[in-house]
Amino acid sequence: MISIEADLRQRCALAIGRAFGAQHAAGVIVKAGDPKFADYQCNSAMALGKSLGLAPRQVAAQIVEHLSVSDICEPPTIAGPGFINFRLTTAHIGRTLEAIAAEPQALARAGVAKSAHRQTVVVDYAGPNIAKEMHVGHLRSSIIGDAISRILEFLGHTVVRQNHVGDFGTQFGMLIRHAQDMKLADGALAPIEDLDAYYKQASQRDKTDPQFALEARRAVVDLQNGQSQAVELWQQIRRESRRHAQEIFQRLGLKLTEADDRGESFYAGRLPNLVEQIKNTLEVGGVGSQTALREPLGRDGAPADFSHLPAIDQLEAAGALQSPQATERVADAQLPSPVVKPFAAISQGALCVFLPGYEDKDKKPFPLIIQKGDGAFLYATTDLAALHFRIMEDKQRPEDQLPLHASWHADRLIYTTDARQAQHFSMVFDTARAMRWHVHPETGHLVDMIYAPFGSMLGADGKPFKTRSGESVKLRELLDHAEALAGRVVTEKNPSLPEAQRHHIAAAVGIGAIKYADLKQDRTGDYEFVWERILALDGNTGPYLQYAYTRICSIFRKAGAMDAAPARLDLIEPAEINLARHLLKFADAVDAAARDLKPHHICTYIYELSGFFSAFYEQCPVLKAPQPATVSSRLILCRVTAAVLQVGLRDLLGIAVLDEM
RNA sequence: GCGCUCGUAGCUCAAUUGGAUAGAGCGUCGGACUACGAAUCCGAAGGUUGCAGGUUCGACUCCUGCCGGGCGCACCA
């Protein structure tokens with residue numbers, strides 16, 4: 001089954017093409033209508049009336065005349081300024097659901113077809129730092145990124161999850177220096193709690209002791225150059241951190257394994273060459289500058305318009321920049337301002353990329369630093385290296401091919417990271433465009449580089465979610481707390497269940513509640529983490545939806561043999577029809593979530609669905625219906641509702657469903 | 001200062017990307033358990049969508065200017 005919205009859109013486009021010519025058939029607007037008027041509506045007649053110089057209602061009438069929808073809809077009606085309203089026939093709704101229920105494969109997908117245009121999509125999420133316990137700062141990226149991955153995968157895309165672990169940055173210098181002073185024996189730092197405390201000590205010294213800080217920076221350079229004697233220590237820390245992260249990921253139910261780990265250190269060997277490439281290409285007067293810069297590109301891949309900027313000759317300074325050594329002589333005061341095309345230069349000792357549109361508070365060009373004055377690389381460098389790897393590089397070695405076990409090139413990159421990194425990624429993407437690293441090496445298509453940011457987790461006071469002492473809350477403790485609270489409720493509501501099962505339920509409910517609370521909101525906003533609200537049993541919460549699912553399971557447990565025979569679906573009661581109609585809109589919700597990379601569309605849909613199911617449940621007895629045919633008919637509705645909840649909650653949002661709770 | 005972002009019912013949030021009379025939950029008030037799980041359901045009250053202009057058949061949505069909150073702005077990630 002394809003989305004009905006998409007189906008009607010096609011049919012309307014066809015009708016418009018027949019009525020007015022194919023050139024008018026693009027950009028047809030079909031969307032779910034207000035239930036009072038229609039299931040779906042086409043709103044193209046108004047705009048079309050404008051461009052054709054005809055009365056919108058007349059346009060609508062002509063569209064309807066050329067429309068062929070009688071197999072799924074009542075005759076379309078025209079309303080208001082020119083809305084074309086569609087009402088699905090109950091016969092079509094019934095047939096479609098019958099078919100889904102009868103076909104195990106369709107049921108397992110709740111009737112949702114795979115996408116026609118499949119891509120290889122990299123989703124970059126989680127990305128914890130090693131040597132530190134995972135804390136709430138990693139929670140949203142992990143949950144949202146995982147849901148986005150699941151949704152795209154469900155639609156048939158090849159998803160490459162990438163856990164861009166922070167394992168090679170500045171913080172390691174501190175750790176190594178501190179370790180040297182402490183003369184730690186191998187294995188002395190096993191548990192992650194030790195590492196965490198140890199990290200804090202090192203961080204403290206780094207802030208207060210300039211000499212220590214200096215030596216720490218030097219230790220990073222050595223590590224990145226492979227000249228460190230601390231590699232063994234680093235490996236040890238890394239192992240323990242990965243073990244800890246995997247434990248958390250498993251508890252959270254993320255589909256993130258060690259095969260998806262590709263830490264910053266993975267790119268270490270590539271960095272010097274990469275930096276050299278950028279320098280050669282973007283240096284003013286450099287080898288690639290003419291081709292790379294003749295057509296500067298905007299953020300969305302279209303040629304950027306810099307016509308509003310003063311016409312500064314971008315090569316004016318080039319006379320002083322012909323030789324490599326001259327790069328050093330770009331005096332900061334003489335940086336062209338504003339920047340009209342990307343270029344690389346040494347500024348204040350660091351190798352930088354300057355891009356149009358970025359200025360600091362003094363209106364001076366603001367750089368993306370790709371190599372520090374002391375020679376160390378930093379996150380912009382590894383992010384660029386990762387981007388290049390994901391799009392451009394042919395993967396030959398088995399470790400490069402992970403997690404797919406074959407060479408791959410991304411068609412799309414998605415970064416699920418904190419909204420505060422917006423400018424960073426914007427600059428990384430612009431740099432990649434300047435380097436033409438966003439051109440797929442095989443297809444020549446431009447690769448979408450999408451930043452999917454999310455807001456902060458706030459406490460009930462509206463300030464960042466922290467412990468009373470001002471530290472970030474550890475994920476392990478957060479999850480423990482959620483499970484304990486959920487466990488209390490389970491024991492209270494259902495004391496007769498065996499303890500092991502109560503334990504299992506508590507984990508599913510506690511973790512599910514946290515995930516659902518995060519996913520149900522539009523990710524771009526901040527959200528308030530308040531325990532009472534998250535673990536509430538009613539309203540739009542995880543526990544409520546899990547409960548709705550268990551109620552259906554309970555019906556099937558009691559149905560027994562009644563459920564055996566294949567059956568017809570007869571939609572008679574309004575509650576039946578409303579439920580059935582909404583079941584068919586699941587594909588639209590999944591499409592919306594995939595389009596916006598916003599899982600909350602699925603949450604909203606599922607919650608509405610449980611509302612329709614509740615009405616049905618109250619008004620239409622299933623097992624105690626008077627006629628056997630009614631029983632089996634209603635069991636079909638239960639069957640498909642359960643399937644949608646299961647696919648939505650478990651497969652797409654990554655929230656466990658339970659037969660009993 | 002510049003940039004990004006947000007402002008919708010008392011509170012927490014939706015609104016299918018410009019569509020019809022802006023919807024939910026919580027809270028409040030009032031109802032429903034001798035019918036499939038009451039971790040439930042039904043009903044009621046609650047709005048000048050921060051303010052002021054503009055664009056058009058139509059604006060919570062787009063543009064401009066204010067007001068207010070958050071975040072970012074050179075070698076941390």
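Just so you know, these numbers use all the heavy atoms, side chains as well, and skip hydrogens, waters and symmetry mates. To find a chain, count down the sequence lines: A is the first, B the second, and so on, and within it residues start at 1.
Both Ala376(A) and Phe616(A) lie near RNA chain B, and the one whose nearest nucleotide falls closer to the 5' end is Phe616(A). Remark on RNA chain B: of its neighbouring residues Asp659(A) and Asn85(A), the 5'-side contact belongs to Asn85(A), judged by nearest-heavy-atom nucleotide.
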Checklist entry - Should Arg205(A) and His178(A) be marked as a side-chain hydrogen bond (donor to acceptor under 3.5 Å, both in side chains) after you check the CA-CA gap, both sets of side-chain angles, and the distance that decides it? => result CA-CA 8 Å; Arg205(A) 288 185 68 188; His178(A) 193 51; 3.1 Å; yes

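Pairing partner, G3(B): C71(B), with both Watson-Crick or wobble hydrogen-bond distances short of 3.5 Å. In this structure, G65(B) forms a base pair with C51(B), meeting either the Watson-Crick or the G-U wobble geometry with both donor-acceptor distances under 3.5 Å. Judged by Watson-Crick or G-U wobble contacts below 3.5 Å, the nucleotide G25(B) has C11(B) as its partner. Nucleotide A38(B) has no partner under the Watson-Crick or G-U criteria, as no pair reaches both atom distances under 3.5 Å. When both pairing distances are held under 3.5 Å, C60(B) makes no Watson-Crick or G-U pair with any nucleotide shown.
Contacts of Asp167(A) with the nucleic acid, taken as non-hydrogen atoms under 4.0 Å apart, are absent. Note on Ile369(A): a base of the nucleic acid sits closer than 4.0 angstrom, heavy atoms only. Nucleic acid contact class of Phe37(A) (heavy atoms, under 4.0 Å, all strands): base. Using a 4.0 Å heavy-atom distance criterion, Ser554(A) is classed as a base contact. At the heavy-atom level, Ala79(A) lies under 4.0 Å from base atoms of the strands shown. Looking at heavy-atom distances under 4.0 Å, Ala419(A) makes no contact with the nucleic acid at all. Contacts of Cys42(A) with the nucleic acid, taken as non-hydrogen atoms under 4.0 Å apart, are absent. Using a 4.0 Å heavy-atom cutoff across all strands shown, Glu608(A) reaches no nucleic acid atom at all.
The closest donor-acceptor contact from the side chain of Ser632(A) to the backbone of Ala629(A) lies under 3.5 Å. Counting only distance, with no hydrogens or angles, the side chain of Thr381(A) and the backbone of Ile370(A) share a donor-acceptor pair below 3.5 Å.
With Tyr40(A) as reference, Asp588(A) is the one residue of Asp588(A), Asp7(A), Asn85(A) to meet the side chain to side chain donor-acceptor pair (under 3.5 Å) rule.
With rounding to whole Å, Phe172(A) atom CZ is found 11 Å from A77(B) atom P. A straight line from CZ of Phe454(A) to C1' of G72(B) spans 15 Å, rounded to a whole angstrom. Atom NE2 in His135(A) sits about 14 Å away from atom P in A77(B), given to the nearest Å. Atom NZ in Lys493(A) sits about 5 Å away from atom C1' in A39(B), given to the nearest Å. Atoms CG (Asp374(A)) and C1' (C76(B)) sit 13 Å apart, rounded to a whole Å. Rounded to an integer number of Å, the gap from His424(A) NE2 to A74(B) C1' is 14 Å. Spacing between atom CG of Leu535(A) and atom C1' of C26(B) amounts to 15 Å, rounded to whole angstrom units. What separates CZ of Arg420(A) from P of C4(B) is a distance of 19 Å, to the nearest Å.
Of the C1' atoms belonging to G69(B) and C51(B), the separation is 16 Å, rounded to the nearest Å. A gap of 14 Å separates the C1' atoms of G47(B) and A15(B), to the nearest Å. Across G50(B) and A22(B), the matching P atoms stand 15 Å from one another, rounded to whole Å. Comparing the same atom, C1', in A59(B) and in C4(B) gives a spacing of 23 Å after rounding to whole Å. Distance check on atom P: U40(B) versus G25(B) gives 12 Å, rounded to whole Å. Here the separation of C63(B) from U55(B), taken at their C1' atoms, is 7 Å to the nearest Å. Across G1(B) and G58(B), the matching C1' atoms stand 39 Å from one another, rounded to whole Å. For G72(B) and C29(B), the C1' atoms lie 47 Å apart once the distance is rounded to whole Å.
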Protein N or O to nucleotides 40-43 of chain B N or O, pairs below 3.5 Å:
from: U40(B); atom 1: OP1; to: Leu537(A); atom 2: O; distance (Å): 2.8
from: U40(B); atom 1: O2'; to: Arg551(A); atom 2: NH1; distance (Å): 2.9
from: C41(B); atom 1: OP1; to: Tyr544(A); atom 2: OH; distance (Å): 2.5

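Under 4.0 Å is where a charged nitrogen must lie from a carboxylate oxygen, and between Arg140(A) and Asp518(A) at least one such pair does. At a threshold of 4.0 Å, the pair Lys585(A)-Glu5(A) does not count as salt-bridged, since none of the basic side-chain nitrogens sits closer than that to a carboxylate oxygen. With respect to the salt-bridge test (charged N to carboxylate O, under 4.0 angstrom), the residues Asp39(A) and Arg87(A) qualify. Taking the charged nitrogens against the carboxylate oxygens, Asp522(A) and Lys598(A) do have a contact shorter than 4.0 Å, which makes a salt bridge. A salt bridge links Asp196(A) with Lys200(A): the closest approach of a Lys/Arg side-chain nitrogen to an acidic carboxylate oxygen falls below 4.0 angstrom. Salt-bridge formation is not detected for the pair Lys364(A)/Glu359(A): no Lys NZ or Arg NE/NH1/NH2 atom is positioned less than 4.0 Å from an Asp or Glu carboxylate oxygen. Salt bridge status for Asp206(A) with Arg217(A): present, with a side-chain N to carboxylate O gap under 4.0 Å.
Distance from the side chain of Lys361(A) is smallest for C73(B) among the nucleotides C73(B), C36(B), G25(B). Relative to the side chain of Arg217(A), the nucleotides C76(B), A74(B), A20(B) differ in distance, and C76(B) lies closest. Distance from the side chain of Leu623(A) is smallest for C36(B) among the nucleotides C73(B), A20(B), C36(B). Distances were taken from every side-chain heavy atom of Lys36(A) (C-beta onward) to each of A77(B), U21(B), A39(B); the shortest belongs to U21(B).
A donor-acceptor contact under 3.5 Å is not formed by the side chain of Asp383(A) with the base of A77(B). One cannot find a donor-acceptor pair under 3.5 Å joining the base of A77(B) and the side-chain atoms of Thr170(A).
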Checklist entry - Could you write nucleotides 8-19 of chain B as a row of B, S and -, 5' to 3', where a protein heavy atom under 4.0 Å of any base atom gives B, of only sugar-phosphate atoms gives S, and otherwise -? => result ----SSSSBB-B

Item to check | Contact pattern, 5' to 3', of nucleotides 58-63 of chain B - B, S or - by protein heavy atom under 4.0 Å | outcome: ------

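A donor-acceptor contact closer than 3.5 angstrom is absent between the side chains of His164(A) and Glu264(A).
Within the cation-pi definition used here (under 6.0 Å to the ring centroid, within 45° of the axis), Arg639(A) qualifies as a partner of Phe556(A).
With values rounded to the nearest 0.5 angstrom, Tyr607(A) atom OH is found 8.0 Å from Thr541(A) atom OG1.
Classified by interplanar angle (parallel below 30°, tilted 30° to 60°, perpendicular above 60°), the ring pair Phe354(A)/Phe343(A) is parallel.
Proximity of the aromatic rings of Phe465(A) and Tyr527(A) is defined here by a centroid distance below 6.0 angstrom, and this criterion is not met.
Taking the O4'-C1'-N9-C4 or O4'-C1'-N1-C2 dihedral as appropriate, U17(B) has a value within 90° of 0 and is therefore syn.
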